[in-house]
Protein chains: 2
Amino acid sequence: MSVENLSKDLERVSTETMADIVELRLREFFKKKSFKPGDALPKEMELVVALGVSRNVVREALSRLRMLGMIETRKKRGMILARPDVLGTFERVLDPLIIDDHILQDLFELRLVLEMGLADLIFLRKTDKNIAELEKIALDETHDGEKRFRVKNEIAFHGKLYEITGNNTLKRFQVMLMPVFGYVTTLEKDKEYQTGKVDHLDLVNILKNGTKEDFKAGMYAHLKPHFDSLTKK
Amino acid sequence: MSVENLSKDLERVSTETMADIVELRLREFFKKKSFKPGDALPKEMELVVALGVSRNVVREALSRLRMLGMIETRKKRGMILARPDVLGTFERVLDPLIIDDHILQDLFELRLVLEMGLADLIFLRKTDKNIAELEKIALDETHDGEKRFRVKNEIAFHGKLYEITGNNTLKRFQVMLMPVFGYVTTLEKDKEYQTGKVDHLDLVNILKNGTKEDFKAGMYAHLKPHFDSLTKK
DNA sequence: AAAGTTATTATGTAGTACATATTAATAATG
DNA sequence: CATTATTAATATGTACTACATAATAACTTT
């Protein structure tokens, strides 16, 4: 019998620790009881008794949930369910150095997808004020050849585009993906840096006078060097 | 002196626990020492001594990092740095019931942005086989009026679109955002459900014969009811 | 030299003890 | 009587000890 077949019949021995289990149980418990943010949760010792584990284990699980922002604890007052910061947890693990290369590539593509998809929101929420600020950024750009300046320009300009969408979560997402983007582009530093046919000022002018479709085409042209680096897989 | 001014001058007393601090310190330590996945980390007791805190505190911090997949621990062998599952941590907190309404709205828009931005990747990586599978899904759709069938169709079809991009992270992202999407759409259930002018089969045909621009226009038309629900803010 | 046994080691779990902050209850004071 | 001080009670935060357990290393035995 081959190993593959064996592992289908023999379930893997659980390596879960008590803390893992308790963490899961607490999650299920909160959901089952349909606790809402602000609701008071049971005391530590009540959980200890109910779950039949040591306070140590319960505290490890609670510590995890606290890290995620799912619960808040105050001395004496006990614990309450809180609203987790969905992106905050993401930031914690988004270190290019410890993420798998395939995932990094995926995230790189994700960024491109986002930028291409922004157009509709941008056109919905752009204002003369917004565009003026964007134009200022484009005009202020240093045309020094040094890479770090180019990167700085890119961040400022594209960051502003995200801002115009009025979607703060999207904006934070972009900030988080920046290091990934920077990392991946440095990986291909041997290649000659090619800017797209359309630069930032061109995009501003399209925003002013052009149509949404013009903008989408312009953005693609601007990002074309990056799209060209993608493979069919 | 107003409270606002006061809080600018008087720094808020830190409510951080030792576990919070140790967690941060460990993060910095790993980065500073530029540990790579697979590298062995110091023993618990060594950390206890170095940090000058109880083993309890160290274990709470380690438990958090273990939850994120940043470290793995084996008895006797000690701990090693691991590759965290970037999306896994996201999933943990993405419960529509405990997320703030504004964030939900942001995520809803994020989903629209993603769908609109997929076109370039789809056209890069679509194959006859892919399109045939997509067409099958579109053809199999039950045209029952019931909402749950419509939702099922939507998930299957759009999920397949993500799949065609060949970007697994993107695909997982979509799966994670599904509940959010479902939740937000049910919020507007009082409205008459309007399907876009372009349906799934239309999109398939565009994929077969049309241009990328046709597809983008088609996708927008398909999602138009959702876009119409957006406000200028 | 190979196989079996024992010792060692690092993590996992349990339990006790006490510090500390915050609320609740009580007493003191005008 | 109302308000302030004081005290008590309580739940979390931290420290420490003890032992279980699994994986490895060291050591015997044949």
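FYI, side chains are in, hydrogens and waters are out, and symmetry mates aren't considered; it's all heavy atoms of this structure. Computed from a predicted model, the values in this text were never measured in an experiment. Proteins get letters first, then strands, A, B, ... in listed order; numbering begins at 1 in each.
Close to C/dT13, at under 4.0 Å from its OP1 or OP2, lies no side-chain N or O of A/Ser54. Phosphate proximity of C/dT11 to A/Thr17: absent, as no side-chain N or O sits under 4.0 Å from OP1 or OP2. Contact check, B/Arg77 against C/dT8: no side-chain N or O comes under 4.0 Å of OP1 or OP2. Here B/Arg66 reaches the OP1 or OP2 of C/dG12: one of its side-chain N or O atoms lies under 4.0 Å away.
Atom CD in A/Glu44 sits about 19 Å away from atom P in C/dC18, given to the nearest Å. Summarising the geometry, the separation between CG on B/Leu51 and P on D/dA15 is reported as 11 Å, rounded to the nearest angstrom. Computed from coordinates, the B/Lys75 NZ to D/dC19 P distance equals 16 Å when rounded to whole Å.
Taking B/Gln174 as the reference, B/His158, B/Tyr162, B/Lys171, B/Met178 meet the side-chain contact (heavy atoms from CB on, under 4.5 Å) condition, with sequence neighbours excluded.
Nearest nucleotide to the B/Val57 side chain, out of D/dA15, D/dT24, C/dG12: D/dA15.
Using bins of under 30°, 30° to 60° and over 60° for the plane-to-plane angle, the ring pair A/Phe157/A/His200 lands in the parallel bin.
A donor N or O paired with an acceptor N or O is not found under 3.5 Å between the base of D/dG13 and the side-chain atoms of A/Arg74.
A salt bridge links A/Arg125 with B/Glu109: the distance from a Lys NZ or Arg NE/NH1/NH2 to an Asp or Glu carboxylate oxygen falls below 4.0 Å.
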Contacts table for residues 48-65 of chain A: side-chain donor-acceptor under 3.5 angstrom, sequence neighbours left out:
| residue | atom | partner | partner atom | Å |
| --- | --- | --- | --- | --- |
| A/Ser54 | OG | A/Asn56 | N | 3.3 |
| A/Ser54 | OG | A/Val57 | N | 3.3 |
| A/Arg55 | NE | A/Glu44 | OE1 | 2.6 |
| A/Arg55 | NH2 | A/Glu44 | OE1 | 3.0 |
| A/Arg59 | NE | B/Glu60 | OE2 | 3.3 |
| A/Arg59 | NH1 | A/Glu44 | OE2 | 2.5 |
| A/Arg59 | NH2 | B/Glu60 | OE2 | 3.4 |
| A/Glu60 | OE1 | B/Ser63 | OG | 3.1 |
| A/Glu60 | OE2 | B/Arg59 | NE | 3.3 |
| A/Glu60 | OE2 | B/Arg59 | NH2 | 3.3 |
| A/Ser63 | OG | B/Glu60 | OE1 | 3.1 |
| A/Ser63 | OG | B/Arg64 | NE | 2.7 |
| A/Ser63 | OG | B/Arg64 | NH2 | 3.0 |
| A/Arg64 | NE | B/Ser63 | O | 3.2 |
| A/Arg64 | NE | B/Ser63 | OG | 2.7 |
| A/Arg64 | NH1 | A/Asp20 | OD1 | 2.8 |
| A/Arg64 | NH1 | A/Glu23 | OE1 | 2.8 |
| A/Arg64 | NH2 | A/Asp20 | OD1 | 3.1 |
| A/Arg64 | NH2 | B/Ser63 | OG | 3.0 |

